Amino acid sequence: MGYQSICLIFIFIKCYASANENYCYSDNIKCDKKINRYLFYDVNPPEGFNLRLDVYMRFAILSNKMMKSSDPTLNGFKLVLPPWSNLIHWQYSDTPDHIPWGHYFDLDSLKRFAPVIEMYQFFNEHPKTYSRVTIDEVYTLQHFEDMFETGNFEDRMQIDKCRKKQNISFFFYNNITANNYHCLSYHGPVTKLVQLFLNTTASSILINHGEVSLHEYFGNKVYWQARRSLRYSKELVDIAADFRREHLDSTDEKDKTLLPKNWEDEKPNRKPRGGPYVAIHLRRRDFLRSRSKEIPSLENVAEQVSKTLQRLKLQTVFVATDGSAKEFEHLSSLLSRYKVKRYTASEAFRSKYKDGGVAIVDQIICSHARYFIGTHESTFTFRIEERREILGFDEDTTFNVFCSDDRNCPKSSVWKIVY
Ligand code: GFB
């Protein structure tokens with residue numbers, strides 16, 4: 001046998017061995033090594049951007065916990081980030097695209113908390129058969145049917161009859177397929193899923209309706225680590241910084257809102273001043289229908305903003321809203337004594353970042369204001385409040401929401417940061 005043939009056989013054996021390392025389980029001799037496994041999750045299609053971020057945090061916390069486990073069937077899991085496609089609140093001029101998380105978030109920062117990968121990286125890492133990728137097992141979470149009748153809110157899960165028709169296409173891709181589908185009645189924290197993962201040898205698992213699973217502990221140190229790691233992409237932070245400098249006389253140096261490069265180095269009690277403006281988040285559109293009693297009229301908004309500006313001796317208000325241009329013009333005319341600012345994205349920005357990019361720029365600008373007023377029970381407002389907590393703002397300047405027209409002034413839940 002010639003030298004070349006021996007080399008080829010050697011390369012083949014090496015490749016075979018390393019490919020099979022991915023599929024070794026605890027009864028196998030090689031299992032002191034990490035086993036590559038992939039965890040996918042998806043969210044109820046009508047849910048918006050900011051609830052999706054909350055569901056991400058639940059799965060990031062689960063992945064962080066599994067990463068630290070000494071069990072090789074758990075610590076090799078990679079969390080595959082579901083691309084941003086077809087969100088109902090976002091307007092698309094073209095077919096749904098699969099926007100990767102790196103467009104909106106700082107992936108290196110996310111990775112310092114959880115072993116995340118983008119979907120396209122999964123495609124690159126995963127063998128294809130006839131140009132299709134197969135997920136080994138799909139579990140669709142559903143609430144226990146009897147939970148409210150029996151009042152049994154114990155943590156439990158059980159493979160069950162599917163109550164809704166199952167989706168057999170995933171993430172708006174037509175080349176992903178799956179081998180086994182199950183419905184899983186579920187009540188409890190997301191970390192309970194570990195029991196499921198220990199009882200299957202599947203190397204790729206998709207959890208549908210991830211929002212059914214709950215946070216293990218809402219608002220504890222680990223929650224805030226996940227939240228702090230969820231930093232926006234540098235491009236979007238820079239665009240927001242340019243707007244603040246040009247229109248709001250606001251920079252991190254002047255406002256004392258500088259953060260360390262790495263979220264792990266952040267410290268409590270930074271006491272920022274914030275930019276010399278009041279920021280408001282005014283949720284309109286579907287909220288005008290679904291929460292008509294709670295959403296204030298623009299006249300009422302103008303009155304509340306005007307009082308706040310006078311009290312703080314400020315002249316500028318920044319408006320983040322999903323409302324129409326007409327609504328913004330009307331509000332501006334009601335506040336004509338003041339400078340009323342709104343971020344308007346260029347066509348080029350919109351075509352690259354879609355509505356999600358505009359939303360993030362709005363959120364960043366709101367989080368740097370000296371004072372913030374949001375919309376009651378909007379997750380868009382919650383994410384701004386969290387970012388202000390991370391920046392270290394006093395809670396009185398953050399957890400404020402608009403009063404309704406019947407003078408009902410709800411209190412925003414105060415979730416203080418924990419280090
Ligand atoms: O993030 P989101 O789900 O928060 O809001 P809620 C839905 C979308 O509205 C965001 C746009 O992804 C944005 O595209 N949007 C809302 C905004 N406010 C603003 C804003 O100030 N500026 C910009 N640029 N865009 C949830 C809904 O909305 O409320 C659920 O997603 C459900 O479907 C629930 O209706 C009650 O928590 O406000």
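Here the structure is a predicted model, which is why all the values come from computation and not from measurement. Numbering of ligands and ligand atoms starts at 1, following listing order. We use all heavy atoms of the structure for the numbers below, so side chains are in, but hydrogens, waters and symmetry mates are not.
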Which atom pairs, nitrogen or oxygen on both sides, join ligand 1 and the protein at under 3.5 angstrom?
{"residue": "ligand 1", "atom": "1 (O)", "partner": "Asn50", "partner atom": "N", "Å": "3.3"}
{"residue": "ligand 1", "atom": "1 (O)", "partner": "Asn50", "partner atom": "ND2", "Å": "2.5"}
{"residue": "ligand 1", "atom": "4 (O)", "partner": "Thr379", "partner atom": "OG1", "Å": "3.1"}
{"residue": "ligand 1", "atom": "12 (O)", "partner": "Trp90", "partner atom": "NE1", "Å": "3.1"}
{"residue": "ligand 1", "atom": "14 (O)", "partner": "Trp90", "partner atom": "NE1", "Å": "3.1"}
{"residue": "ligand 1", "atom": "18 (N)", "partner": "His281", "partner atom": "NE2", "Å": "3.0"}
{"residue": "ligand 1", "atom": "21 (O)", "partner": "His281", "partner atom": "NE2", "Å": "3.4"}
{"residue": "ligand 1", "atom": "21 (O)", "partner": "Ala320", "partner atom": "O", "Å": "3.3"}
{"residue": "ligand 1", "atom": "21 (O)", "partner": "Thr321", "partner atom": "N", "Å": "2.9"}
{"residue": "ligand 1", "atom": "22 (N)", "partner": "Thr321", "partner atom": "O", "Å": "3.4"}
{"residue": "ligand 1", "atom": "22 (N)", "partner": "Asp362", "partner atom": "OD2", "Å": "2.8"}
{"residue": "ligand 1", "atom": "24 (N)", "partner": "Asp362", "partner atom": "OD2", "Å": "3.1"}
{"residue": "ligand 1", "atom": "28 (O)", "partner": "Arg283", "partner atom": "NH2", "Å": "2.9"}
{"residue": "ligand 1", "atom": "31 (O)", "partner": "Gly48", "partner atom": "N", "Å": "3.2"}
{"residue": "ligand 1", "atom": "33 (O)", "partner": "Pro46", "partner atom": "O", "Å": "3.3"}
{"residue": "ligand 1", "atom": "35 (O)", "partner": "Asp286", "partner atom": "OD2", "Å": "3.4"}
{"residue": "ligand 1", "atom": "37 (O)", "partner": "Thr379", "partner atom": "N", "Å": "2.7"}
{"residue": "ligand 1", "atom": "37 (O)", "partner": "Thr379", "partner atom": "OG1", "Å": "2.6"}
{"residue": "ligand 1", "atom": "38 (O)", "partner": "Arg283", "partner atom": "NE", "Å": "2.6"}
{"residue": "ligand 1", "atom": "38 (O)", "partner": "Ser378", "partner atom": "OG", "Å": "2.6"}

- prompt: Is the cationic atom of Arg311 (NZ for Lys, CZ for Arg) positioned less than 6.0 Å from the six-membered ring centroid of Tyr371 and within 45 degrees of its normal?
  reply: yes
Side chains of Lys65 and Leu62 in contact at under 4.5 Å (non-hydrogen atoms): no
query: Can you find a pair of side-chain heavy atoms, one from Trp224 and one from Glu386, that are under 4.5 Å apart?
result: yes
message: Please give me the minimum heavy-atom distance between Trp90 and Asp355, naming the atom from each residue.
response: CA-OD2, 3.4 Å
Distance-only polar pair, side chains of Thr257 and His368, donor-acceptor under 3.5 Å: yes
message: Walk me through whether Thr375 and Phe380 qualify under side-chain contact (heavy atoms from CB on, under 4.5 Å).
response: CA-CA 8 Å; Thr375 296; Phe380 193 103; over 6 Å; no
